[in-house]
Amino acid sequence: MNNLRIYCDQFDFSHITKAFKGEYSSDVGLAAEIVFTDEEEIKNLNRQFRNKDAVTDVLSFPSLDDIRGKKLLKADFPLDIGEDKRLFIGSIAICTKRAQEQAAEYGHSYERELNYLAVHGLCHLLGYDHEDESDKKEMRAKEERILQKMGITR
């Protein structure tokens, strides 16, 4: 099984779920939530969870550890299966004001920026990171591949 459900009341991210097909392996459906925040809220979250007193564009809160590139098996995570019978991989917070500013700065649409930030956050939930150069290269390649599947290019 290779399907992902994104719970978000403010934006339809269903097209991302299709683009993630083949980007992870699992015998159970996955679920993630995306919430939109203002600058104050994301700054508070950044301070609380990362000890960084600054506004940022996106924060990811993975619920599973050490899963990058591994097959996600329902039997390995029985306590993380939700009422929807999906494995919950975590939450993403996106600052809408920062997304609007970055869209203007990079010369593309707000929708494109939201999609990029969601893809970036989902990669984090799946265990990818950009702390060192080799990890960053791997994560960026995955992001680009997913965005291309969605028809979003630079």
Side-chain angles (χ1 to χ4, degrees), residues 1-37 41-42 45-46 48-50 52 55-74 76-77 79-103 106 108-154:
M1 179 177 293
N2 202 354
N3 63 46
L4 169 68
R5 177 172 290 155
I6 299 171
Y7 294 100
C8 181
D9 292 341
Q10 301 101 333
F11 192 81
D12 179 12
F13 288 109
S14 60
H15 52 287
I16 290 178
T17 64
K18 294 176 188 120
F20 264 86
K21 187 171 183 162
E23 298 297 330
Y24 63 90
S25 180
S26 178
D27 69 349
V28 61
L30 305 184
E33 97 176 309
I34 298 177
V35 296
F36 293 153
T37 69
E41 185 175 2
I42 205 139
L45 290 169
N46 206 12
Q48 181 180 355
F49 293 100
R50 297 182 65 226
K52 295 189 180 195
V55 173
T56 190
D57 53 359
V58 61
L59 290 172
S60 299
F61 301 95
S63 61
L64 309 174
D65 294 322
D66 194 33
I67 63 168
R68 182 176 79 199
K70 295 180 180 173
K71 184 167 186 170
L72 302 174
L73 301 173
K74 183 177 183 178
D76 292 339
F77 303 99
L79 300 178
D80 296 294
I81 305 296
E83 291 178 9
D84 60 358
K85 307 293 187 222
R86 294 173 177 275
L87 176 61
F88 184 71
I89 59 172
S91 301
I92 300 165
I94 296 175
C95 178
T96 54
K97 185 156 192 267
R98 271 311 282 139
Q100 291 166 345
E101 292 168 351
Q102 288 174 177
Y106 299 133
H108 55 243
S109 71
Y110 175 61
E111 182 177 318
R112 190 242 185 254
E113 188 66 17
L114 288 179
N115 281 297
Y116 168 74
L117 294 173
V119 167
H120 182 84
L122 286 164
C123 286
H124 278 305
L125 297 186
L126 289 169
Y128 293 86
D129 214 332
H130 43 82
E131 292 300 313
D132 65 46
E133 206 50 46
S134 65
D135 288 345
K136 182 178 182 179
K137 186 176 180 180
E138 181 181 18
M139 183 169 173
R140 294 292 182 251
K142 182 172 274 296
E143 290 171 348
E144 288 299 322
R145 190 170 52 250
I146 293 164
L147 290 168
Q148 283 185 353
K149 288 182 191 177
M150 295 168 60
I152 297 173
T153 58
R154 291 185 190 263

Counting only heavy atoms not in [X], do more than 12 fall under 6.0 Å of its [atom1]?
| X | atom1 | answer |
| --- | --- | --- |
| Lys149 | NZ | yes |
| Gln100 | CD | yes |
| Asp132 | CG | yes |

So how far is it from [X] [atom1] to [Y] [atom2], rounded to the nearest 0.5 Å?
| X | Y | atom1 | atom2 | result |
| --- | --- | --- | --- | --- |
| Lys71 | Asp27 | NZ | CG | 6.0 Å |
| Ile94 | Asp57 | CD1 | CG | 8.5 Å |
| Lys136 | Glu138 | NZ | CD | 14.0 Å |
| Ile146 | Glu23 | CD1 | CD | 4.5 Å |
| Asp9 | Phe36 | CG | CZ | 10.0 Å |
| Ile34 | Leu122 | CD1 | CG | 5.0 Å |

Search all heavy atoms of [X] against all heavy atoms of [Y] and return the closest pair with its distance.
| X | Y | answer |
| --- | --- | --- |
| Leu125 | Ser91 | CD2-O, 3.8 Å |
| Ala93 | Ile42 | O-CD1, 3.6 Å |
| Ala31 | Arg86 | CB-CB, 3.9 Å |
| Ser63 | Gly90 | OG-N, 3.5 Å |

Test Val28 against Phe77 for side-chain contact (heavy atoms from CB on, under 4.5 Å), laying out the working first. CA-CA 10 Å; Val28 61; Phe77 303 99; over 6 Å; no
In the structure I gave you, are the side-chain heavy atoms of [X] and [Y] within less than 4.5 Å of one another anywhere?
| X | Y | result |
| --- | --- | --- |
| His124 | Ile92 | no |
| Phe11 | Leu114 | yes |
| Glu113 | Arg98 | no |
| Ile152 | Val119 | no |
| Tyr24 | Leu4 | yes |
| Lys18 | Lys21 | no |
| Glu33 | Ile6 | no |
| Leu117 | Gln102 | yes |

Between Glu144 and Arg140, is there a salt bridge with N-O shorter than 4.0 Å?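 Salt bridge between Arg140 and Glu144, a charged N being under 4.0 Å from a carboxylate O: no.
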Partner set under side-chain hydrogen bond (donor to acceptor under 3.5 Å, both in side chains) for His15, not counting sequence neighbours: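 So His15 forms a side-chain hydrogen bond (donor to acceptor under 3.5 Å, both in side chains) with Asn115.
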Applying side-chain contact (heavy atoms from CB on, under 4.5 Å), run through Tyr7 and Asp84 and close with a yes or a no. CA-CA 11 Å; Tyr7 294 100; Asp84 60 358; 2.5 Å; yes
Aromatic rings His130 and His120: how do their planes relate, parallel, tilted or perpendicular, breaks at 30° and 60°? tilted
For Leu59 and Thr37, what are the C-alpha separation, side-chain angles and deciding distance, and is it a side-chain contact (heavy atoms from CB on, under 4.5 Å)? CA-CA 10 Å; Leu59 290 172; Thr37 69; over 6 Å; no
Out of Leu72, Ile67, Leu73, which one pairs with Ser26 under the side-chain contact (heavy atoms from CB on, under 4.5 Å) rule?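 Going through the options one by one, the only one that passes is Leu72.
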Run the numbers on Glu101 and Lys97 for salt bridge (Lys or Arg N to Asp or Glu O under 4.0 Å), then give the verdict. CA-CA 6 Å; Glu101 292 168 351; Lys97 185 156 192 267; 3.2 Å; yes
Between Arg5 and Thr17, does the side-chain contact (heavy atoms from CB on, under 4.5 Å) criterion hold? Intermediate values first, please. CA-CA 6 Å; Arg5 177 172 290 155; Thr17 64; 5.7 Å; no
